[in-house]
Asks: 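Dumping the structure here so I can ask a few things about it.
Source: prediction; values computed, not measured.
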Amino acid sequence: MIRVRTLGAASALAVGLLVSGCAGNGGRRAFEAGLTALERGEWVQAQTALEKSIARRPGHADNAVAYNGLGVALAQLGHLAEAEEMFAQALRLDPLLTTARTNQGLVRYQAGQADEAVPILEEAAEADPDDPRALLILARAQLDRGRPVAALDATRRAIGRAPDQADAWNLAGVIHYRQDRWDDARTHWQRALDLRPAYPEALWNFGRLEETRGEDPRACIPLYAEYLDRLPDGPGAPTARAALVRLDPDGAGAPFADREEPDPPPDPVDRLLRQARRAREQGEHGDAFARYIEAAEAAADAGRRIAVLEEAAREYADSPRAHLVLARALKDAGRNRAALEAGRRAVALNPRWAASHELVAEVAGDLRDDATAAASLRALTELTPGSREAWWSLAVLYRDRIRDAEQAEDTFRRFADRFPQDRRAAEARRIVAQYVRERERRPAPTPTPTPGPTPAASAPPLRVSRLDGEPSPARTLPLTPASVRDEATALQHYRRAVEYQRRNQPDDARTFFLRALEQDDRLARAYYNLAAIYQAQGDAERAIDAYQRALAADPAMHQAAYNLALIYLNRDLPAVARTRLEQVTRMAPDFPRAWYVLGVACNKLDQPADAARALRTFLRLAPDDPAAPQIRAWLEAHRE
């Protein structure tokens, strides 16, 4: 059967565009790291980084793109239902993010739901008249539904949008072939190869046409030969080899006398390395990395295996997996010091990957690097709290090597509480009881007086920041600030709250943000994060109160004003939203989304001239935003 090229991650699932400012450096770094990982095909790293970005910047304008990228990573990891929910969340945050709509249709199609995918893809294709992706996927879905005419129409529209898109020409050739229109198929595959000479699927399809339907079957020889050079293990390789053996037994037309001695079998490691390097040069990083791993597995000795993996780690220096695989090979070869360094690089690139911590803990233990081993074991107990071996190894390390009785007692106690059915639980309880007896035999320390806190000047409660005409929230924060501010304790509570937020434990995070604010009611960031939690949980009134208090503590916090405006717009208060958005544009004039939402608010107020001014500013700041085509169309329709 003639093959339709299955688009890879880089071209089929689109990441989207960066559409906001740079507030929240940690979250911003995670956001950018996630997008970089997506480009490299490092799906687990991308998932971790984008989840961190969303958790660290709740309510941020980047989150629509982050959810879309998270959906891409989940889809590539095989979690299609979860990926579709991420695309839906991206669209809830930004209905004009057409890449998410296209991706939503794609995962439906990949899940075998072509009928459900078609209306989604048609909507995506209409929403972005410049992008051929939705049309190409739509064509495949229509072809699967047995509707070649509709498929060909979608393909032609895609070619009209992007005449240099080789995928579209290849797909058109497939449709013509299935309609027995051999000359049209030949024309389209020739065009695909003109645009991309090394396009494997077009080479195979064209070769198959010449072999079975052409005037001279030998015309398939150079096409099949090139295909095999590009994809020696590809799905069409058996058919291509059989045709070459039958039609050109001497080998691509070479005289038999020139081949008296059979060529030695190619070294599999060299062959796989060539494939890896070629795929890397063509930007197919996921395939390239897979070939590096295959080459390492094919190596007969440890030295060559390590050399292959060292090349992979150099080429993919930002990939934690590359460094982890290298670390394992080094450990197996007895090079523990080098293995520890490679493992540490993997941990630094993705601190939440349990496999990296597990290897580092093991190698550090062999090297008696107790501090490193303890740090990795502690990380394992946080990342995989059900790991019995991590808890037990950490407790034994504290007792036998680090000799920290307090930590050892606490860890053995936790082990016994968490795993009461484990055969080692009784021993853990015995060890805890022994620590308790030893502590009771020790004399109590002589108490020493400690100075109390220096009373600070009594500060009036923070005045909530509200603009004229802005409604007061119906519910206020359950907050009673201390009469004397304690900045150190407040910061401790704040850091703990942020950690809970990072772990996606919003109720615990909310508790500790409130505790922080009770000790120091001037922490604008605590109010902002607290507001985001209330907003995500549907408590808009308390979210409004917290955002207003954040602005009172830091009048320059334009993200808080922006999120307030979004709440008011959703509650059909466009006049109040407009006032806040005008404040945002004064504070952050280069923040594109504020101008976009301001245009929406003005349009709701039936103020088209003001809406047009705001939207033109948005286009100037973000001319390539996915919403730009619809906005230009709106401006054209409302031109005075």
Asks: I need the minimum non-hydrogen distance between L91 and L97, along with the two atoms involved.
Replies: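 For L91 versus L97, the nearest heavy atoms are CD2-O, 3.4 Å.
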Asks: Looking at residues at least two apart in the chain, or sitting in another chain, which of them share a side-chain hydrogen bond (donor to acceptor under 3.5 Å, both in side chains) with E211?
Replies: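 Residues passing side-chain hydrogen bond (donor to acceptor under 3.5 Å, both in side chains) with E211: R208, Y224, R246.
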Asks: What pair of heavy atoms forms the shortest contact from L135 to A125, and how long is it?
Replies: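 So the minimum-distance heavy-atom pair works out to CD2-CB, 3.7 Å.
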Asks: Please enumerate all residues that pass ring-ring contact (aromatic ring centres under 6.0 Å, His included) together with H323, with sequence neighbours excluded.
Replies: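 Not a single residue meets the ring-ring contact (aromatic ring centres under 6.0 Å, His included) criterion with H323.
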Asks: Less than 4.0 angstrom from a charged side-chain N to a carboxylate O is my criterion; do R230 and E226 meet it?
Replies: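 Answer for the salt bridge query: yes.
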Asks: Can you list everything that forms a side-chain hydrogen bond (donor to acceptor under 3.5 Å, both in side chains) with D318? Sequence neighbours excluded, please.
Replies: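 For D318 there are no side-chain hydrogen bond (donor to acceptor under 3.5 Å, both in side chains) partners, ignoring immediate neighbours.
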Asks: Name all residues meeting the side chain to side chain contact (heavy atoms under 4.5 Å, CB included) criterion together with R616; count only those two or more places apart in sequence or in a different chain, and write none if there are none.
Replies: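 Once residues adjacent in sequence are excluded, the partners of R616 under the side chain to side chain contact (heavy atoms under 4.5 Å, CB included) criterion are A612, R613, L635.
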Asks: Going through the checks in order, is the salt bridge (Lys or Arg N to Asp or Glu O under 4.0 Å) test met by E32 and R28?
Replies: CA-CA 6 Å; E32 292 174 344; R28 175 71 172 192; 3.0 Å; yes
Asks: Looking only at side chains, do E51 and Q47 share a donor and an acceptor under 3.5 Å apart?
Replies: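 Their side chains do contain a donor-acceptor pair, which is all the 3.5 Å distance test asks for.
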Asks: Using the test ring-ring contact (aromatic ring centres under 6.0 Å, His included), find all partners of W595 that sit at least two apart in sequence or belong to another chain.
Replies: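 W595 satisfies ring-ring contact (aromatic ring centres under 6.0 Å, His included) with no other residue.
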Asks: Salt bridge (Lys or Arg N to Asp or Glu O under 4.0 Å): which pairs involve residues 146-155, sequence neighbours left out?
Replies: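 Those involving residues 146-155 are D153-R157.
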Asks: Who are the side chain to side chain contact (heavy atoms under 4.5 Å, CB included) partners of V347, not counting sequence neighbours?
Replies: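 Only S356, H357, V360 meet the side chain to side chain contact (heavy atoms under 4.5 Å, CB included) criterion with V347.
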Asks: For L50 and A66, work out which heavy atoms get closest and say how close.
Replies: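 Minimum heavy-atom separation between L50 and A66: CD1-O, 3.9 Å.
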Asks: Pairs in or reaching into residues 330-340: which pass salt bridge (Lys or Arg N to Asp or Glu O under 4.0 Å), with residues at least two apart or in two chains?
Replies: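 Qualifying pairs, neighbours excluded: K331-E362.
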Asks: Taking side-chain hydrogen bond (donor to acceptor under 3.5 Å, both in side chains) as the definition, give me every residue that meets it alongside R186, ordered by chain and number, with sequence neighbours left out.
Replies: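 Partners of R186 under the side-chain hydrogen bond (donor to acceptor under 3.5 Å, both in side chains) test: D183, E210.
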Asks: Looking at side-chain heavy atoms only, is the closest gap between W43 and V72 below 4.5 Å?
Replies: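 Heavy-atom side-chain distance check passes, below 4.5 Å.
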Asks: Which of parallel (below 30°), tilted (30 to 60°) and perpendicular (above 60°) describes W182 and Y177?
Replies: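 The rings of W182 and Y177 stand perpendicular, inter-plane angle above 60°.
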Asks: Salt bridge (Lys or Arg N to Asp or Glu O under 4.0 Å) between R304 and D270: does it pass, once the steps are laid out?
Replies: CA-CA 11 Å; R304 194 169 189 198; D270 286 341; 2.7 Å; yes
Asks: From the options R108, Q113, Q104, select the one residue that forms a side-chain hydrogen bond (donor to acceptor under 3.5 Å, both in side chains) with E84.
Replies: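 Looking at R108, Q113, Q104, the match for E84 under the side-chain hydrogen bond (donor to acceptor under 3.5 Å, both in side chains) is R108.
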Asks: Can you sort out the partners of P232 under side chain to side chain contact (heavy atoms under 4.5 Å, CB included), two or more places apart, ordered by chain and number?
Replies: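 Checked P232 against side chain to side chain contact (heavy atoms under 4.5 Å, CB included); matches are R241, R271, Q275.
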Asks: Within 45 degrees of the ring normal and closer than 6.0 Å to the centroid, is that where the cationic atom of R140 sits relative to Y109?
Replies: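 No; the conditions do not both hold, so R140 does not lie above the ring face of Y109.
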Asks: List the steps and the verdict of side chain to side chain contact (heavy atoms under 4.5 Å, CB included) for Y596 and L615.
Replies: CA-CA 6 Å; Y596 171 80; L615 292 174; 4.1 Å; yes
Asks: Sequence neighbours left out, what passes side chain to side chain contact (heavy atoms under 4.5 Å, CB included) with E315? Give chain and number order.
Replies: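 Scan of E315 (side chain to side chain contact (heavy atoms under 4.5 Å, CB included), adjacent residues dropped) gives R280, Y292, E311.
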Asks: Looking at R213 and D180, does any basic side-chain N land under 4.0 Å from a carboxylate oxygen?
Replies: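 Between D180 and R213 there is no salt bridge, as every charged N stays at least 4.0 Å from the carboxylate O atoms.
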Asks: Going by ring-ring contact (aromatic ring centres under 6.0 Å, His included), name the residues that satisfy it together with Y67, two or more places apart in sequence or in a different chain.
Replies: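 By the ring-ring contact (aromatic ring centres under 6.0 Å, His included) rule, Y67 matches no residue at all.
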Asks: Can you tell me how far CD1 of I175 sits from CG of L152, rounded to the nearest 0.5 angstrom?
Replies: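 If I round to the nearest 0.5 Å, the distance is 5.0 Å.
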